[in-house]
Enquirer: 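Pasting in a structure now, in structure tokens, and then I'll have a few things to ask.
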Amino acid sequence: MPWLDVLGNDIHYTDAGRGQPVVLLHGHASAAACWEPIIQDLGRDFRVLAYDTYDHGWSSNSPRQGPLVDRAEELEHFISSLGLEDPIIVGQSMGGMTTLRWAVRHPGSAAALVVCGMGWPLVVPPPGQEGQPEKFEVFSSLDQDERIWLGVGNSFTERWIADNPKDFARYIRVRSTATAIEAARHPRSLEHSQGEFLSADPHDVEAFQQGLESVVSPLVVLIGDGERPRIRRGAEHVAATVPGARLLVVADAGHNAYFQRQDILVEAIRTAVSTTRGRRRA
């Protein structure tokens, strides 16, 4: 069970397989363990790493009053600390935003990028309006009661849940760790966030737009056809902005399309990598 100090946080991660590194970034209120079936598949051909970002999984909690570590810097430090070269970065939801922000800083450093259930621009809710429809929350609140499970809302389609009750129950359990529940009971404030999302400053927005246009690593944006409208529009924008990017829409899937159709995600990763290798041979 490897651990790593990342910018002052005690970060838990998994490391399986051999070969070119694939780094998997989970979504908000999720955990590295949610990638386990995909790790088993990819581990036959790649070195697959997945870590619990702070306030999630088995990693440590951040201070309740911040400031928070920039998750793109966390990814950068994770990669450099382990000496990972030419990595494939795959991010789901919040992890997808981290992937995009890291890619803007390192336009050609990844062998391939796969962003699932995320796009840009997104609107951050003003204080006091968390939980409004189609708004993006940093932390879901959890009432001070006896509940110990973190739900997933409508991130899966009802049909998939009915057909896969055991997988759904496992998904809920593996993400409901003490660290995640503590963060849900005591939500971290947006005021203390350093780079969790982009600010509304027009200069920041313009710079990020230009940064996306400069990304040269192959990019796949994967969303379910039942994705939330705001995220879908953002995903379409990213796919249209990054040169050569591909938008992959998964039928009969929701926000967690990456988990509902793991076969499609794994094939997308393999295709993106083979495309990269072909370009480099040429």
Side-chain angles (χ1 to χ4, degrees), residues 1 3-14 24-35 50-78 91-99 101 117-118 122-156 168-200 228 230-231 255-256 259:
M1 183 183 297
W3 303 82
L4 187 68
D5 180 280
V6 180
L7 302 175
N9 291 315
D10 190 25
I11 297 300
H12 163 261
Y13 70 100
T14 63
L24 305 174
L25 308 177
H26 64 75
H28 161 65
S30 190
C34 291
W35 291 106
Y51 66 86
D52 295 319
T53 186
Y54 66 87
D55 289 327
H56 294 75
W58 290 349
S59 292
S60 62
N61 282 113
S62 64
R64 291 184 182 177
Q65 297 303 316
L68 303 179
V69 167
D70 183 333
R71 295 193 199 275
E73 290 185 12
E74 180 185 57
L75 171 59
E76 185 171 340
H77 189 89
F78 181 83
Q92 156 66 13
S93 194
M94 180 182 73
M97 179 61 78
T98 298
T99 300
R101 294 180 56 250
M118 184 48 62
L122 291 174
V123 176
V124 176
Q129 295 186 22
E130 293 82 358
Q132 295 295 321
E134 292 193 29
K135 299 291 187 180
F136 200 83
E137 302 174 37
V138 176
F139 288 102
S140 299
S141 61
L142 187 66
D143 295 336
Q144 299 283 353
D145 58 22
E146 297 301 317
R147 284 182 293 165
I148 60 173
W149 307 118
L150 297 176
V152 294
N154 60 354
S155 294
F156 292 108
F168 178 68
R170 288 173 176 170
Y171 195 92
I172 295 294
R173 293 201 305 271
V174 300
R175 69 203 296 269
S176 300
T177 65
T179 297
I181 290 170
E182 198 281 338
R185 291 192 187 282
H186 302 279
R188 275 51 178 172
S189 171
L190 285 171
E191 296 176 4
H192 302 294
S193 176
Q194 294 183 351
E196 182 81 14
F197 300 96
L198 294 175
S199 73
R228 301 157 192 168
R230 191 176 301 276
I231 293 179
H255 184 58
N256 284 344
F259 197 87

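Residue numbers count from 1 along this sequence.
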Enquirer: Using 0.5 Å steps for rounding, measure from the CD atom of Glu73 to the CG atom of Leu7.
Expert: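 The CD atom of Glu73 sits 6.5 Å away from the CG atom of Leu7.
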Enquirer: What closest approach, in Å, do Met97 and Met118 show between heavy atoms, and which atom pair accounts for it?
Expert: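 Closest approach of Met97 to Met118: N-CG, 3.5 Å.
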Enquirer: Would you call the rings of His28 and His56 parallel, tilted or perpendicular, where under 30° means parallel and over 60° means perpendicular?
Expert: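 Ring orientation of His28 relative to His56: perpendicular.
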Enquirer: Does the Asp52 side chain pair with the main chain of Trp58, one donor and one acceptor, at a distance under 3.5 Å?
Expert: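 Such a contact is found between Asp52 side chain and Trp58 backbone.
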Enquirer: Please test Ile11 against Glu74 for side-chain contact (heavy atoms from CB on, under 4.5 Å), starting from the C-alpha separation and ending with a verdict.
Expert: CA-CA 10 Å; Ile11 297 300; Glu74 180 185 57; 3.5 Å; yes
Enquirer: Under the criterion side-chain contact (heavy atoms from CB on, under 4.5 Å), I'd like the reasoning laid out for Tyr54 against Val6: C-alpha separation, chi angles, the key distance, then a yes or no.
Expert: CA-CA 9 Å; Tyr54 66 87; Val6 180; over 6 Å; no
Enquirer: Please work out which of the three classes, parallel, tilted or perpendicular, describes the rings of Tyr171 and Phe259, given edges at 30° and 60°.
Expert: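 Correct class here is perpendicular.
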Enquirer: Could you tell me the separation between the OG atom of Ser93 and the NE2 atom of His26, rounded to the nearest 0.5 Å?
Expert: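 So the OG of Ser93 and the NE2 of His26 are separated by 11.0 Å.
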Enquirer: Quick one, Pro67 and Arg188 - any side-chain contact, counting heavy atoms below 4.5 Å?
Expert: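 No; the side chains remain at least 4.5 Å from each other.
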Enquirer: Could you tell me the separation between the SG atom of Cys34 and the CG atom of Leu24, rounded to the nearest 0.5 Å?
Expert: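 So the SG of Cys34 and the CG of Leu24 are separated by 11.5 Å.
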Enquirer: What are the two closest non-hydrogen atoms of Val174 and Ala31, and how far apart are they?
Expert: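 Heavy atoms of Val174 and Ala31 come nearest at O-CB, 3.8 Å.
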Enquirer: According to the interplanar angle, ranging from 0 to 90°, do the rings of Tyr13 and Phe78 count as parallel (below 30°), tilted (30 to 60°) or perpendicular (above 60°)?
Expert: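 Because their plane-to-plane angle is over 60°, the rings of Tyr13 and Phe78 count as perpendicular.
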Enquirer: For the CG atom of Asn256 and the CG atom of Asn154, what is their distance to the nearest 0.5 Å?
Expert: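 Answer for the CG-CG pair, Asn256 versus Asn154, is 9.5 Å.
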Enquirer: Go through the steps for Arg101 and Asp70 under the test side-chain contact (heavy atoms from CB on, under 4.5 Å), then give the verdict.
Expert: CA-CA 10 Å; Arg101 294 180 56 250; Asp70 183 333; 3.0 Å; yes
Enquirer: Ignoring hydrogens and geometry, is there a side-chain-to-backbone donor-acceptor pair from Ser176 to Trp149 under 3.5 Å?
Expert: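 No.
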Enquirer: Side chains of Thr53 and Arg71: donor-acceptor distance under 3.5 Å anywhere?
Expert: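 Their side chains do contain a donor-acceptor pair, which is all the 3.5 Å distance test asks for.
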Enquirer: Rounded to the nearest 0.5 Å, what's the gap from CD1 on Ile181 to CG on Asn61? Could you check?
Expert: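 It is 11.0 Å, given to the nearest 0.5 Å.
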Enquirer: Would you say the side-chain atoms of Asp55 pair up with the backbone N or O of Ser62, donor to acceptor, closer than 3.5 Å?
Expert: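 Yes, because the side chain of Asp55 sits within donor-acceptor range (under 3.5 Å) of the backbone of Ser62.
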Enquirer: Could you go step by step and tell me if Leu25 and Tyr51 meet the side-chain contact (heavy atoms from CB on, under 4.5 Å) rule?
Expert: CA-CA 7 Å; Leu25 308 177; Tyr51 66 86; 3.4 Å; yes
Enquirer: Looking only at heavy atoms, which two atoms of Thr177 and Gly57 are closest? And how far apart?
Expert: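 The answer is OG1-O, 2.6 Å.
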Enquirer: Is there a donor-acceptor pair closer than 3.5 Å between any side-chain N or O of Arg175 and the backbone N or O of Leu150?
Expert: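 Flag set: sc Arg175 to bb Leu150 pair under 3.5 Å.
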Enquirer: Would you check if there is a donor-acceptor pair between the side chains of Ser30 and Gln92 at a distance under 3.5 Å?
Expert: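 Looking only at side-chain atoms, Ser30 and Gln92 do not form any donor-acceptor pair under 3.5 Å.
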